[in-house]
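For reference, the structure is listed below as structure tokens.
Chain letters run A, B, ... following the sequence lines, proteins first and then strands; every chain starts at 1.
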Amino acid sequence: MCAHPGVGPWGNTGLLVNCVSGTMQSRRWFGGAGFSFADDPVTETLSQAIRGTGEELDREPDTGVLFGSLRGSVVGLRYYTGVVNKGEMVSLVRQPQNPYDRNAVMVANVYGSQVGHIKRELAALLANIMDNNLARVEGVVPFGVKNQFTMSVVLSFWGKEENRDAVVRQITSRSFKLQTGPTGTHTHADTGTLIASSWVISCLTVCVCLIWERFHVCRWFQRSAQEDYKIGEREAVEVMCTPLLPHQKQALSWMCVCENNVALPHFWEVKGGLFYNTLTHSSVRERPQRVRGGILADDMGLGKTLTTIALILSNFHHGKPLYTHPHPFDECIIWCVSQGKSVVSPVEAASSQSTDDPAARATLIICPLSVLSNWLDQLDQHVRADVKLNVYLYYGSERNRDTHFLSSQHVVLTTYNVLSAEYSGSASPLHTVSWLRVVLDEGHIIRNPNAQQSKAVLKLNTQRRWILTGTPIQNNLRDLWMLVAFLRLKPFDVREWWNRVIQRPVTQGDKTGLQNLQALVKCVTLRRTKTSRVCGRPLVSLPERSVRIEEVELTQKEREEYELARTEGRTTISRYVAEGTVLKNYADVLAILVRLRQFCCHPDLLGKTTTHTADLLLRERLIVKLRLVLGTGSDEECAVCLNSVRLPVITHCAHVYCRPCIAQVIRSEQVARCPLCRGQIKASELVEFPLEEEEEGSNLLENWRSSSKVEALMSSLLRLRSEDDSIRSLVVSQFTRFLTILEIPLREEGFKFVRLDGTMSQKRRAQVIQEFQSDAPGSPLIMLLSLKAGGVGINLSAASRVFLMDPAWNPAVEDQCVDRCHRLGQKRDVVITKFIVKGSVEENMVKIQRQKQDLVEKAFGTKNPGERNTSRVDEIRALMEL
DNA sequence: ACCGCCGGGTGCC
DNA sequence: ACCGCCGGGTGCC
């Protein structure tokens, strides 16, 4: 019987999995830039660190404190088929509806097969702890199965520090002994010290872990990219009218193997008649379902779309190409025979697919709205005109929702929005059709598992799954999970196993964790970069690019104003340094730095509230910060929904979210906390962006004045136009207001220009890009571009000059921006000009940029968190010359 | 289960 | 013997 008052609500399914709790999963934020001057490695890391703690300790008690562990037993083994090996992890699942015992706790192996039950008395204890969310309980089987009746299990308890006492009390009051201290078999105890009780220390520790994780994740992704794939090249079928480049043939061949191959990934071995997974050390009786599909993570511009089209045409059922009838009743079938050697024999392929729905024939392509037209264009352009490929654009209110119609297409194109809209409605046609293949274009869009569109994508019924993305990992490992889950890479599509086998070990710096991750992803990912080589030849050859730095001298008057602001900032920061509160006041420090950087561009950049921020009321200071955040990033992400911030509001702790998103967070909790810093927040204290911006903008233009940097740019542009008026330029700034300021002299000098920034709608962006890329007479020579606008993936190859108006903290962001024109299709050499104000914070930034690689390396050395902390502060001191 | 537990058979040494 | 001890039956929650 259940003698525990306050036992939580039973799940309506009758099962409560201990690692998943409804409330904890429902509100969350993953990755994302949130409030950060996100191009800044310093802030980025710090804000991630802040986010990390909140997240780790709360949303996912995953890396919470280890309270201790105890030995117990699993009984009833003989009734179940689940297999476990020595040292293997098991999950504990509450079974409140069990007719014999309401406290029942089921033990399941990695694949979810039941192994047995926790012995009654122990189950009563666990039920109490799990149902009240006092701790998460993880099981490891130390000796494996010795007989058919019972076996040992080591249970470890993880949770929030504040729950430790309650858990310990529960355990001891039922006369169980909680082992604290090193457990011997596993290194979980380390985590106890990792997340120290002091907020600051844990923040910094997580910070270092994140750098470590990021660095390594990037590294090995690169490495596996360079690897020589033992895959042949496969010719595209004859119906393609565009010849594939060698690396595209290679990708096509790899994709066909992924779809057809019956072999299991190499981390599976056959052992004693069972299938043994070398990553989880677990076995299953039935042959595991192989992932059919994968992640094509090639760099931008290497032709992922083209390769995917080739795949659709070449690999229909049984490894044979898709043949098409020009007319339904035409006897003459255009047979498009693969010219290359087929990787898998049809018989072999057929046997592997025997359980598949043979009627499935359509490929569903899901992409962001902005690239829909690109898919249509490319399908049109690359498929021979006499081939009648049935492509249906499933978009717009008039779309044909008939599932038979959809099933009969070769290709159905739709957007993530349409998909998630249908999913939340009733009887979604897209979820009814049995697809042959689903392709997620820009697949990193689904990295947030809580988003509707991610959930919608998981529920699609398909045989093969593909993810196309140029940026498989955007912020950290967490981003990868959703991709793994979509591919149904067993058993890691279940969060608990991902966390226990991959996420936590890697975050803790465990080498084998990293190797596991590598093995796991390598078997489903193909990634090449522009610098990768095929058979010793570069994938693509690009024109040269060169960078020159142009130093700008401030005028006397500008210098005076700058020095005034600098002195004020130095006073404030040196006070923080003296007090040792630099990191605590980070938002303020950044605000000061941003102001100085803005002065270097133009004195009017910050608007009228430039001085004496200290005297302003809190509300006004927040508005200033909000403006800074939106003005610098210009395409800021909301840490809740991970999309661009809509209806921005700022919390009292100076973090920016969409109003609806943060409002929901506040509503869903009794004591609402800021998702980024865990500070208390209230709906009434959210500060909105005042609508005065427009009027101020015009104010800015009415009393327009120039600045040294404006002059420097204009003279470069004028000189360029007089030398060669066919050369197009990108003028890039982090400050959208600076772009506004630049519009005046450009108009005055009669330059035709367009502007692209984060505030523009997708549709407008596409228009602007098209206009700029067009070679029609009278098309614009210049594009004003905000540094982060548009995200990756836009093609500005019409430009061969880039003017970087202000240095970014992170040179990688600058590179990414330059890559928009230095890419496939660029015919000219690309010249990049960076304007740097002499004797200013910008010069120091450039120095730090140069040291950055070095710094990153150091961060992984033996340095402890404390030292990293001081070096951050040192960096700020260097910037301010303190 | 090469256990623990139960309950019946049994009973000085 | 209203015990102890023995050995067979039995066995998750």
Whether Tyr100(A) stacks on the six-membered ring of dC12(C) base, 5.5 Å and 30° limits: no
Whole Å only: how far is the [atom1] atom of [X] from the [atom2] atom of [N]?
X: Ile118(A); N: dC12(C); atom1: CD1; atom2: P; value: 15 Å
X: Phe149(A); N: dG9(C); atom1: CZ; atom2: C1'; value: 13 Å
X: Lys119(A); N: dC12(C); atom1: NZ; atom2: C1'; value: 9 Å
X: Gln148(A); N: dC12(C); atom1: CD; atom2: C1'; value: 13 Å
X: Leu77(A); N: dG11(C); atom1: CG; atom2: P; value: 16 Å
X: Tyr79(A); N: dG11(C); atom1: OH; atom2: P; value: 7 Å
X: Asn147(A); N: dC12(C); atom1: CG; atom2: C1'; value: 13 Å
X: Asn103(A); N: dC12(C); atom1: CG; atom2: P; value: 18 Å

Pairwise C1' distance for dC3(B) and dC12(C), with rounding to whole Å: 15 Å
Whole-Å C1' distance, dA1(C) and dC6(C): 15 Å
Polar side chain donor-acceptor pair, Tyr111(A) to Asn277(A), under 3.5 angstrom: yes
Out of dA1(B), dC13(C), dC12(C), whichever nucleotide has its closest atom nearest the side chain of Tyr80(A): dC12(C)
Axial cation check for Trp466(A) ring with Arg292(A), 6.0 Å and 45° limits: no
Counterpart base for dC12(B), defined by Watson-Crick or G-U wobble contacts under 3.5 Å: none
Heavy-atom check, side chain of [X] versus side chain of [Y], under 4.5 Å:
X: Val84(A); Y: Val90(A); value: yes
X: Leu364(A); Y: Arg437(A); value: no
X: Thr462(A); Y: Arg465(A); value: yes

Donor-acceptor pair (no angle test) under 3.5 Å: Asp101(A) side chain, dC13(C) base: no
Distance below 4.0 Å between Arg78(A) side-chain N/O and dG11(C) OP1 or OP2: no
